[in-house]
Every structure is written in C-alpha cells, then in structure tokens.
Amino acid sequence: MVTGNLFHSKKNSWPPEEYVSRNTLQLFNFDSAAPPKQAWRRRLNSHANILKEFSVTFMEAIQMVRLGIRLWSYVREEASHGRKAPIDPFTRESCKPSASQGVPLGGMGSGSISRGFRGEFRQWQIVPGTCNISPVMANQFSIFISRDGGNKKYASVLAPGQHEGLGKTSDEGISSWGWNLNGQHSTYHALFPRAWTIYDGEPDPDLKVSCRQISPFVPHDYRDSSLPSAVFVYTLVNTGKERAKVSLLFTWANSIGGISHLSGDHVNEPFIGEDGVSGVLLHHKTAKGNPPVTFAVAASETQNVNVTILPCFGLTEGSFITARKMWGKMMQDGQFDRENFNIGPSMPSSPGETLCAAVSASAWVEPYGKCTIAFALAWSSPKIKFSKGSSYYRRYTKFYGTSERAAVDLVHDALTNYKHWEEEIEKWQSPILEDIRLPEWYKFTLFNELYFLVAGGTVWIDSSSPSADVKSDQDPPIKVESKNIKVTEAEMNCRHSTGFEHTSTSGCNSSTGVGLKQNGNSTIPRKKRSSKHFSHHLKTEDQLDGNEDVGRFLYLEGVEYIMWCTYDVHFYASFALLELFPKIELNIQRDFAKAVLSEDGRKVKFLAEGNYGIRKVRGAVPHDLGTHDPWNEMNAYNIHDTSKWKDLNSKFVLQVYRDFAATGDMAFGIEVWPAVRTAMEYMEQFDRDDDGLIENDGFPDQTYDAWTVHGVSAYCGCLWLAALQAAAAMAQRLGDKFFAETCKTKFFSAKSAFEKKLWNGSYFNYDSGSSSNSKSIQADQLAGQWYTSSSGLGPIFDEFKTRSSLQKIFDFNVMKIKGGRMGAVNGMHPNGNVDESCMQSREIWTGVTYAVAANMLLAGMEEEAFTTAEGIFIAGWSEEGFGYWFQTPEGWTTDGHYRSLIYMRPLAIWSMQWALSPPKAIIEAPKINMMDRIVISPATFSLSLPETRVRKIANKTACFGNSSLQCTC
C-alpha cells in the first residue's frame with residue numbers, strides 16, 4: 001500500500017492551451033468536441049522520423065553465430081510450408097517504421113487498423129499473425145468548403161501532404177487531390193481509446209473543425225469491446241460572417257493493407273440502412289485461403305446532413321471513374337448523385353486494379369453556427385483461420401451472426417451507440433484523470449499504453465458456434481480436427497470431476513482435446529444494450545454472472561515475435577487485463593492450467609543448443625499457446641527448451657494466486673488448483689542441494705533468454721520464494737493444509753539459503769556464480785516481492801533489504817543512465833558501468849521499468865517510482881524522445897535504438913495503478929502475514945508427492961463449492 005504523500009511533479013504536463021487557442025477550445029466546449037485536459041499531443045506538421053533498430057556487438061554476434069545459422073535454416077523451412085516463423089530477424093518490411101503512430105481503431109480481438117497522428121490508416125492486422133505497416137494512402141478524410149455563393153472555396157485532404165508518392169500532378173490517382181493542409185495549426189490529441197484532431201482554421205481560416213475518433217474499448221463490457229468498428233465525429237464551428245456549405249469526404253480502398261488491393265475479385269456495393277445510416281460495403285477476397293472481409297464505410301444522415309456515395313472509383317487512367325474525376329465532382333458539387341445508391345454490386349475487380357469507394361456528408365453551417373457530422377467504419381471477418389488449419393468464429397459473431405454482411409449492422413450500431421461508449425469511457429477514466437496527486441504524463445500514458453490490447457494482434461473467439469436464430473447467420477459450424485496430444489490422468493480428473501462442471505465453458509472441456517474449440521448452440525441475439533454503471537476496480541458485474549461465457553482470448557508477445565500469450569511476458573502485462581477485463585484474464589489462466597496438465601510428445605529442435613526434446617512436458621508451464629495452431633500446438637518458441645526454464649512455473653502460481661485473491665472467485669481457484677500443485681511439484685527437480693531453493697543451470701533459462709545464469713539467481717530465486725508463499729496461502733484457503741505446511745517449510749529453508757548466497761549488504765547479487773556479472777545489480781531482482789505485495793501477501797524480505805535493493809536500483813540502473821531520463825537498464829555493475837555481458841543486460845526494458853516502479857510504490861518510494869517510470873515516457877513518448885508512441889518496444893539501448901516494436905510487456909504500467917489503487921479484496925485482506933496462519937507440523941515434507949496423492953487432493957478440492965470450504969470426503 002502506498003502512502004498518501006504522492007509525487008506532485010507537474011513535469012511533462014501538456015495543457016491543451018499550448019497547442020490550441022483558448023478561443024477555439026471554448027468554441028468546442030460541448031458534446032466532447034474539445035480535447036481533454038490530459039492527453040498526448042502532436043502538431044500535424046511534426047516530423048515523423050525513421051526509427052533506429054538495435055544491432056548486436058561483434059562479441060554478441062560471435063556468441064550467437066550458431067543460433068543464427070540454425071534460426072535462418074528454420075525460417076527458410078517454415079517459409080517453404082507457407083508459414084512465417086515466430087521469430088524472424090532476417091526478413092524486413094519495405095516500409096521502415098517511423099514515429100507516426102496514433103490511437104488504433106476498433107475493439108479487441110476482431111482485427112485492428114491503426115491510425116497515425118497525421119491521419120493515415122496503417123498497421124493492418126486483419127489476418128491473425130500478420131501486420132502490414134504501410135499506410136493505404138487512398139484512405140482519407142477530406143473537406144470541401146464553399147462560401148459567398150461559391151466565389152470562395154477551400155478544399156483539402158485532412159492530412160498534411162508529406163508522404164511518399166504524392167505530388168505527381170499528372171496522376172489520375174490520389175496525387176491529383178488537394179493536399180493543401182500545412183498542419184501548423186492542426187493538432188492531434190490522444191487519450192486511448194479516443195483521439196481528437198483539431199483543425200484550427202485550416203484550410204478555411206473561419207471554420208474550426210474537430211474530429212473525434214472513438215472505438216468501443218469499454219472495460220468490463222464483454223460485448224461491445226469485441227466489436228470491429230470505430231466512429232469519427234466531426235464538429236464544425238463557423239466563425240465567419242457568411243453561411244458555409246461544408247462537405248466531408250471519407251474515401252476507402254478495398255484493401256487489408258500491403259498489396260492486397262491488387263489481388264482482384266473484390267466487389268463494392270452501396271447500401272441504405274436504418275436510422276439514416278448509409279454507405280458502401282467493400283467485399284474483400286483475401287489471399288492464401290484466408291476468410292473474406294467486408295468493410296462498411298458510412299455516415300449518418302440527419303435533418304441537416306445529406307449523405308451521398310460513390311460506390312466505385314479507381315486510381316489509374318483505365319478506371320471508369322478515376323480518383324481525379326471523383327475529386328473534381330466534389331470540388332464542383334460538394335456531393336455525389338443520389339442515384340448511386342441504386343447501382344448495385346460492382347463487377348469484381350481485375351488483378352492489378354484498385355477498387356475504392358467514397359462517402360460524402362454535406363451540411364450548411366450558419367454564421368457563428370455549429371454542426372455535427374458522424375462517419376463510421378466497420379469490418380466483418382467472422383472466421384479466423386490459423387495456418388495449420390484450425391478455424392474459429394470471432395467473439396462479435398455471438399451477437400451479430402457469422403455473415404460478412406454483419407458489417408451493415410456493426411456500422412449502424414456504432415453510429416447509434418457511440419455516445420453510450422463515450423459515457424462509459426469517461427466514467428472509467430475520470431477518477432484517474434482527476435486525481436491531483438498523480439503526474440500529468442502518467443495519467444495519459446497509463447491509458448495510451450492500452451493501445452496494445454487492440455493493436456497487439458489480439459484474437460477473441462466465441463467458445464461456441466452461433467445458432468440459427470441469430471440474424472444473418474448463413475455459415476455452418478466450423479469443425480476442428482483433434483490433435484493427438486496426451487492427456488494425463490490428473491487432467492481427466494479436472495474434466496470429469498463434478499466439482500469443476502459448474503465453471504464456464506472456457507474452463508475444462510469434457511469432449512475435446514486440449515484447447516480445442518467446441519461447437520455448441522448457445523448465443524445471445526443482437527440487441528441494443530442498456531447502460532451499465534461501474535466503479536473503478538474489478539467491477540461488480542464481472543462477478544454477478546459467473547457462468548457467462550466470455551470466449552477465449554489471445555494476444556501476441558509482439559508484432560515481431562509472433563507467439564500467442566507468451567506467458568513470461570504476460571506475467572508483467574496481465575495487470576491490465578485483470579484490472580479491466582478480469583474474466584478474460586481468468587480464462588487465460590484456465591488455458592495455461594490445462595496446459596500444465598498436458599503433454600505433447602512431438603519432437604522439436606531447440607535452436608540455441610541444437611539439441612532435441614519434446615514440444616510440451618507435463619508439469620511445465622508452456623512458454624506460449626502457440627503460433628500456427630494456438631491451444632493445440634503450444635510452445636512455438638524453440639530457441640531454448642522452456643521446460644527447463646526456472647521462472648515460468650513460479651509465474652503461473654503467482655498469477656493464479658493474485659487473480660484468485662483479487663477476484664475472490666472460489667470456483668476458479670478450485671478449478672486450477674491441481675495445475676498449481678503440479679507446477680510446484682515439477683520445480684523440485686531444480687533444487688540440486690535440498691535447501692528448498694531452485695538453481696539455474698548455466699544457460700539463459702528465464703525470460704532474459706540471452707542472459708546466462710549460474711546457480712541461484714536473484715530473479716528466479718525470488719520468484720520461487722514468492723511462489724512458495726502464494727501456493728501456501730492458496731492451499732490454506734482451499735483446505736489443502738498438508739500442501740500449505742509443505743510450502744511453508746520449503747519457504748523458510750529457501751529464504752535462508754537465498755539471503756545467505758545472494759545478499760551482499762545493499763542488494764541481491766545477480767547470481768551465486770563466479771562470472772564477471774555475478775555481482776551485477778539486476779533491475780528486476782525483486783520481481784517476486786513485487787507480486788506478493790500486489791497480492792496482499794506479506795513481504796518476503798525485511799523492509800531494510802527491500803528498500804535498500806530498490807534504492808540501489810534507482811541510484812545505479814536508473815539515475816546513472818542519462819540522469820534517469822531513459823528508464824532502468826537491466827544490468828549494472830557495482831562500479832557504475834552498464835553490464836554489457838550480453839545484449840539483454842545492456843538494454844532498458846520498458847515493461848520491466850514500469851514493474852520496478854510499481855515495486856517502489858508498494859515499498860513507499862513514490863518519488864523514486866515516478867522518476868523511474870517517467871524515463872520511459874521521456875525516451876518513448878515525449879517530443880524530445882525517440883518516437884515510440886503507440887508502438888512501445890520491448891526495450892531500447894542507452895542510445896535509444898529499439899528492439900521489437902509493439903510489444904506486450906509495457907502494459908505493466910497498469911501494475912503501477914494496481915499499486916496506487918489495489919482492489920477491495922486486497923485492501924481488506926487480513927493484515928497478518930498469510931504465512932503466519934499456517935501451522936507447520938513436526939515433519940518436514942517434500943513437494944514431490946506420489947501420483948495417487950496428487951489425484952486425491954485434486955478430488956478433495958473438487959468437493960469445495962462457492963458457499964463452503966467444508967469437505968466430507
């Protein structure tokens with residue numbers, strides 16, 4: 001728990017008045033048109049510099065040469081099968097990443113499109129596991145203004161014309177458009193999941209324009225947050241003395257990024273929907289057998305707003321209507337012909353031809369008057385097909401059916417419901433934004449780091465196929481072939497024990513293989529949802545309907561590391577899901593609990609050592625849920641044999657206990673308990689000297705998978721101590737007193753050995769070996785303490801050791817790197833030099849820095865905490881930084897060169913908020929140390945129990961229900 005005396009720094013406060021005139025802000029002070037007081041801001045004419053990627057040193061290259069050769073061979077082998085390797089450092093995008101990102105579009109798990117701060121639509125992730133970073137420049141908003149009977153006209157694309165490929169005046173394509181916006185007086189303001197672009201007198205000095213971008217990311221709303229849609233609300237204020245006719249134009253190419261628009265067989269079709277919503281459907285036929293996608297671009301017609309469309313235009317001279325002719329029509333008339341709604345579907349496009357559509361919305365704005373025009377974008381790709389064949393329906397099909405034409409309903413509901421989304425978003429964000437104790441930069445960075453839950457390649461599936469009574473349902477159930485994966489007896493107990501049958505369908509499956517999708521009949525008809533009210537933490541409605549099936553959820557480690565739900569990284573990121581979507585977080589833990597109890601005997605080559613092993617060992621927590629067939633083929637990571645890693649099992653136990661303690665979900669605890677016990681028992685093999693403490697094995701057997709560890713390590717050892725404490729506490733609550741006593745005995749023995757081998761008087765050494773970096777100061781050395789404090793458990797170490805270690809990290813790892821303006825470097829020698837023993841020891845990891853800051857908050861070191869985390873903001877998000885906004889990488893070097901953009905771990909900033917405002921269950925936990933509630937019996941027990949004993953305990957815990965912890969077994 002933190003003190004009430006928080007850090008009052010006002011550094012990096014960006015008031016909107018520094019970017020937009022006060023007069024303009026006052027004009028937009030209605031209907032949420034003005035940007036918020038706290039937001040990330042840029043001028044549209046800001047330079048988007050090319051980002052610099054890290055490079056390995058000569059010595060690092062020598063050390064990794066064998067790995068590099070094996071990895072190159074593996075990448076080629078996967079490519080020969082039409083698949084992308086999970087880690088491929090050899091293939092580079094033709095479009096280099098730049099500092100141009102902004103808030104992404106859409107909800108979670110249905111594919112995403114990002115939008116740069118200058119207005120371009122980029123970073124396309126419609127097909128799972130693929131990311132096309134290049135912008136599709138035909139996708140634009142444009143404005144046409146006519147005054148004084150047409151004698152005074154303005155026209156421009158609402159994006160600065162500073163992009164490659166523009167400026168060809170003889171072109172029939174988009175270069176012929178009016179790229180007249182300078183951007184000097186136009187600004188972007190981001191507060192995820194919304195963004196505002198303010199055009200303060202550009203291109204018309206007497207017209208102020210606000211564009212508000214809204215996506216349905218609503219915490220604790222498991223329906224709307226799955227929707228692939230976004231709304232763009234334009235607010236127009238006429239400050240001139242003349243009436244103005246204003247036409248806004250939304251153009252869209254039939255494309256899912258890259259060169260997909262050239263593949264052919266795409267069709268555009270006009271539509272007129274309900275409640276004045278009308279526009280164009282763009283039916284896209286994907287390549288490589290991927291399921292089709294249908295886009296809907298639309299606007300809402302009102303008494304004052306007239307909507308017209310152009311269903312088809314092209315970008316080349318041979319097109320029937322070219323981009324140049326389309327622009328000319330808008331310049332002349334400010335609208336298209338009403339007859340275009342009657343055209344019907346277009347002819348399929350030819351290979352090499354780009355098919356585009358346009359929607360125009362026009363209105364008269366009186367002198368000193370105001371007007372609102374709303375556009376929406378939706379995309380419907382109901383099916384997900386992974387490259388090894390498994391297919392699923394996306395989460396939103398539970399409510400909208402499985403036809404691509406659901407895009408019509410999606411775009412309609414977006415335009416009619418967006419005000420409700422905004423109300424709920426503001427209720428969620430306001431308590432934090434209005435907290436005067438918090439630094440300004442922290443408030444908006446906290447929300448903006450959530451971009452990853454949309455743009456991080458997320459997949460959210462329905463756990464059962466939609467039934468026939470759902471509107472527009474035209475597709476048969478998807479059949480998934482079961483894999484030949486060994487299921488252990490303990491897992492079968494989980495599946496068939498009546499004690500677990502009351503849990504949701506995303507828990508133990510009784511009829512399919514591990515992680516396989518079931519085809520059921522449950523569904524909820526699509527309907528307009530009533531408003532919900534929720535408070536700040538782990539909202540009550542998340543617990544009211546314990547049997548609600550919220551589907552299954554995946555997100556990537558990063559867009560460059562294509563592995564789903566990488567668990568050692570989820571350890572840091574999971575605070576965001578637990579805080580905002582706890583049911584999703586519990587289901588992820590259920591997936592890993594089932595995985596612990598399974599085994600996959602297929603042979604795998606591990607690339608670092610060149611040896612062979614099996615894909616998944618029973619008792620070992622998998623590194624990830626897979627790449628090409630998630631849930632069914634786990635451990636896509638094949639650099640090392642992660643069944644020998646020393647952090648994964650401890651992280652599983654710690655996450656499960658934290659989630660169990662925070663939610664109070666007894667059914668969840670009972671369901672996953674057999675996996676928790678098995679995970680703990682599995683780790684005893686790594687205690688080589690029977691002192692209760694695990695040892696590392698002289699290779700990078702941890703999340704720092706290039707940083708070798710010898711003997712006892714501060715990182716893995718501390719995690720193990722925390723896991724023993726968490727397992728003991730959970731066992732006590734579930735009635736497994738024998739195991740609770742066993743873990744407590746182990747804990748005290750292991751703690752004594754840990755402190756004796758690693759404590760040096762001011763911090764814990766990196767490891768107990770004799771290498772040149774064994775005495776390094778590791779920023780992440782107290783990760784286990786971080787988790788126990790976050791879970792309401794007592795401290796592992798006394799206050800002096802904890803605060804001394806954190807102060808050492810602050811003084812050396814943080815403040816000795818550019819004066820604390822870059823975050824915490826992973827390793828630092830006690831002489832003040834960066835530990836350069838490997839690539840990762842010299843890196844600054846963004847998510848780890850946030851975690852260290854959270855640990856400092858929990859230890860009462862508020863000023864050090866915010867200074868530490870602010871380094872990530874300064875280096876990554878500020879104008880003086882390196883340009884990593886909305887694409888926060890895994891880490892950067894001390895000179896700012898990145899590794900792995902758009903990465904999961906920075907979501908750990910939500911562990912800081914967790915430390916500042918813990919959930920009620922944690923706050924109200926008994927103030928005594930949970931370990932003190934466990935009575936040790938005279939005997940000292942081993943964690944390794946006979947298999948029959950494991951089954952007995954699993955069956956015993958199955959007897960406990962929600963209402964009682966009594967058992968009569």
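In what follows, residues are counted from 1 in the order of the sequence shown.
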Task: Gap between atom CG of Leu105 and atom CD1 of Ile113 - 0.5 Å precision - done: 6.0 Å
Open item on the list: Nearest 0.5 angstrom please: Arg212 CZ to Asp31 CG, how far?
Closed with: 5.0 Å
Open item on the list: So, applying side chain to side chain donor-acceptor pair (under 3.5 Å) with Gln101, which one of Arg122, Gln887, Arg115 is it?
Closed with: Arg122
TODO: If the plane angle is over 60° it's perpendicular, under 30° parallel, otherwise tilted; pick one for Tyr234 and Phe375.
DONE: perpendicular
- [ ] Begin with the C-alpha distance, continue with both residues' side-chain angles, and end with the deciding distance and a verdict on side chain to side chain contact (heavy atoms under 4.5 Å, CB included) for Asn304 and Trp364.
- [x] CA-CA 7 Å; Asn304 300 319; Trp364 286 97; over 6 Å; no
Task: Reported CZ-to-CZ distance for the pair Phe217 and Phe447, which is rounded to 0.5 angstrom - done: 10.0 Å
- [ ] Decide ring-ring contact (aromatic ring centres under 6.0 Å, His included) for Phe444 and Trp14; before the verdict, give the C-alpha distance in whole Å, the side-chain angles of both, and the deciding distance to 0.1 Å.
- [x] CA-CA 10 Å; Phe444 57 81; Trp14 296 353; 5.6 Å; yes
- [ ] Scan side-chain atoms only and decide if Tyr199 and Asp204 contain a donor-acceptor pair under the 3.5 Å cut-off.
- [x] no
TODO: Would you name the heavy atoms of Gly119 and Gln140 that are closest together and state the gap between them?
DONE: O-OE1, 4.3 Å
- [ ] Go through Leu44 and Ser46 one step at a time and tell me if the side chain to side chain contact (heavy atoms under 4.5 Å, CB included) criterion holds.
- [x] CA-CA 5 Å; Leu44 264 61; Ser46 298; over 6 Å; no
Task: Test item: Asn139 side-chain N/O and Ala253 main-chain N/O as donor-acceptor pair under 3.5 Å - done: yes
TODO: Please report the shortest heavy-atom distance between Gly314 and Ser319, naming the atom on each side.
DONE: CA-OG, 3.2 Å
Task: Gly107 backbone acceptor or donor facing Trp460 side chain under 3.5 Å - done: no
Task: Separation of Phe141 CZ from Leu158 CG (nearest 0.5 Å) - done: 9.0 Å
TODO: Please determine, by modelled atom types, if Glu269 and His283 share a side-chain donor-acceptor pair under 3.5 angstrom.
DONE: yes
Task: Pair Phe313 and Trp327, ring centroids less than 6.0 Å apart - done: no
- [ ] Count the heavy atoms belonging to other residues, nucleotides or ligands that lie under 6.0 Å from CG of Leu262, then report whether that count exceeds 12.
- [x] yes
TODO: Compare every heavy atom of Thr458 with every heavy atom of Gly109, then report the nearest pair and how far apart it is.
DONE: N-OG1, 3.0 Å
Task: Cation-pi geometry met for Arg42 and Trp885 (6.0 Å, 45°) - done: yes
- [ ] Quick one: do Val136 and Trp124 satisfy side chain to side chain contact (heavy atoms under 4.5 Å, CB included)? Show the steps, please.
- [x] CA-CA 9 Å; Val136 176; Trp124 298 73; 3.6 Å; yes
TODO: Find the distance between CG (Leu181) and CD (Glu202) and round it off to the nearest 0.5 Å.
DONE: 4.5 Å
Open item on the list: Please determine whether a side-chain nitrogen of the Lys or Arg among Arg899 and Glu53 lies less than 4.0 Å from a carboxylate oxygen of the Asp or Glu.
Closed with: no
Open item on the list: Assess the residue pair Leu282 and Leu355 against the criterion (side chain to side chain contact (heavy atoms under 4.5 Å, CB included)); give the C-alpha distance rounded to whole Å, side-chain angles, the decisive distance to 0.1 Å, and a yes or no.
Closed with: CA-CA 9 Å; Leu282 297 90; Leu355 202 58; over 6 Å; no
- [ ] Quick one: closest heavy-atom pair of Val305 and Ala363, and the distance?
- [x] CG2-CB, 4.3 Å
TODO: Classify the angle between the aromatic ring planes of Tyr884 and Phe882 as parallel (below 30°), tilted (30 to 60°) or perpendicular (above 60°).
DONE: tilted
Open item on the list: With no hydrogens and no angle check, just 3.5 Å: does a side-chain donor-acceptor pair link Thr888 and Glu449?
Closed with: yes
Task: Salt bridge Glu301-Arg338, side-chain N to carboxylate O under 4.0 Å - done: yes
- [ ] Measure the acute angle between the ring planes of Phe121 and Phe232, then classify it against the limits of 30° and 60° as parallel, tilted or perpendicular.
- [x] perpendicular
Open item on the list: Restricting to non-hydrogen atoms, name the atom on Ala48 and the atom on Ser98 that form the minimum distance, rounded to 0.1 Å.
Closed with: O-CB, 4.0 Å
TODO: Have a look at Phe886 and tell me which of Phe192, Phe117, Trp40 forms a ring pair (Phe, Tyr, Trp, His ring centres under 6.0 Å) with it.
DONE: Trp40
- [ ] Give a yes or no on whether Lys84 atom NZ has more than 12 heavy-atom contacts from other residues, nucleotides or ligands under 6.0 Å away.
- [x] yes
Task: Donor on one side chain, acceptor on other, Thr91 and Asp88, under 3.5 Å - done: yes
- [ ] To the nearest 0.5 Å, tell me how far Gln125 CD sits from Leu556 CG.
- [x] 7.0 Å
- [ ] Check the pair Thr187 / His189 against side chain to side chain donor-acceptor pair (under 3.5 Å), numbers first and verdict last.
- [x] CA-CA 7 Å; Thr187 52; His189 311 257; 2.8 Å; yes
Open item on the list: Between Asp337 and Lys329 (salt bridge meaning N to carboxylate O under 4.0 Å), is one present in this structure?
Closed with: yes
- [ ] Please assess Asn254 against Asn268 for the test side chain to side chain donor-acceptor pair (under 3.5 Å), listing each intermediate value before the final yes or no.
- [x] CA-CA 8 Å; Asn254 197 323; Asn268 289 2; 3.0 Å; yes
Task: N/O donor-acceptor pair under 3.5 Å between Thr627 side chain and Ile562 backbone - done: yes
Open item on the list: Quick check on Lys153: does its NZ atom have over 12 non-hydrogen neighbours (other residues, nucleotides or ligands) under 6.0 Å away?
Closed with: yes
- [ ] Could you tell me whether the side chains of Asp200 and Thr24 share a donor-acceptor contact shorter than 3.5 Å?
- [x] yes
Task: Flag side-chain contact, heavy atom, 4.5 Å: Ser229 against Leu377 - done: no
Task: Short N-O contact, Lys383 and Glu404, less than 4.0 angstrom - done: no
TODO: Would you check if the side chain of Ser156 reaches a backbone N or O of Asn180 as a donor-acceptor pair within less than 3.5 Å?
DONE: yes
Open item on the list: Between Thr322 and Glu172, is there a side-chain donor-acceptor contact under 3.5 Å, judged purely by atom types and distance?
Closed with: yes
Task: Identified side-chain contact (heavy atoms from CB on, under 4.5 Å) partner of Phe144 from the options Gln335, Lys245, Gln332, Met330 - done: Met330
Open item on the list: Quick check: do Val411 and Phe271 have side-chain heavy atoms less than 4.5 Å from each other?
Closed with: yes
TODO: Go through the steps for Asp413 and Tyr400 under the test side chain to side chain donor-acceptor pair (under 3.5 Å), then give the verdict.
DONE: CA-CA 11 Å; Asp413 289 359; Tyr400 285 84; 2.6 Å; yes
Task: side chain to side chain donor-acceptor pair (under 3.5 Å) between Ser255 and Ser260, worked out - done: CA-CA 5 Å; Ser255 170; Ser260 60; 3.1 Å; yes
Task: Polar contact flag, side-chain donor to acceptor under 3.5 angstrom, Ser247-Ser362 - done: yes
- [ ] Assess whether atom CD of Glu879 is packed by more than 12 heavy atoms of other residues, nucleotides or ligands within 6.0 Å.
- [x] yes
- [ ] Search all heavy atoms of Val280 against all heavy atoms of Ala358 and return the closest pair with its distance.
- [x] CG2-O, 4.3 Å
TODO: Please tell me if the side chains of Val267 and Ser346 come closer than 4.5 Å, counting only heavy atoms from C-beta onward.
DONE: yes
- [ ] Evaluate the ring planes of Tyr903 and Tyr561, with Trp represented by its six-membered ring, and classify them as parallel (under 30°), tilted (30 to 60°) or perpendicular (over 60°).
- [x] perpendicular
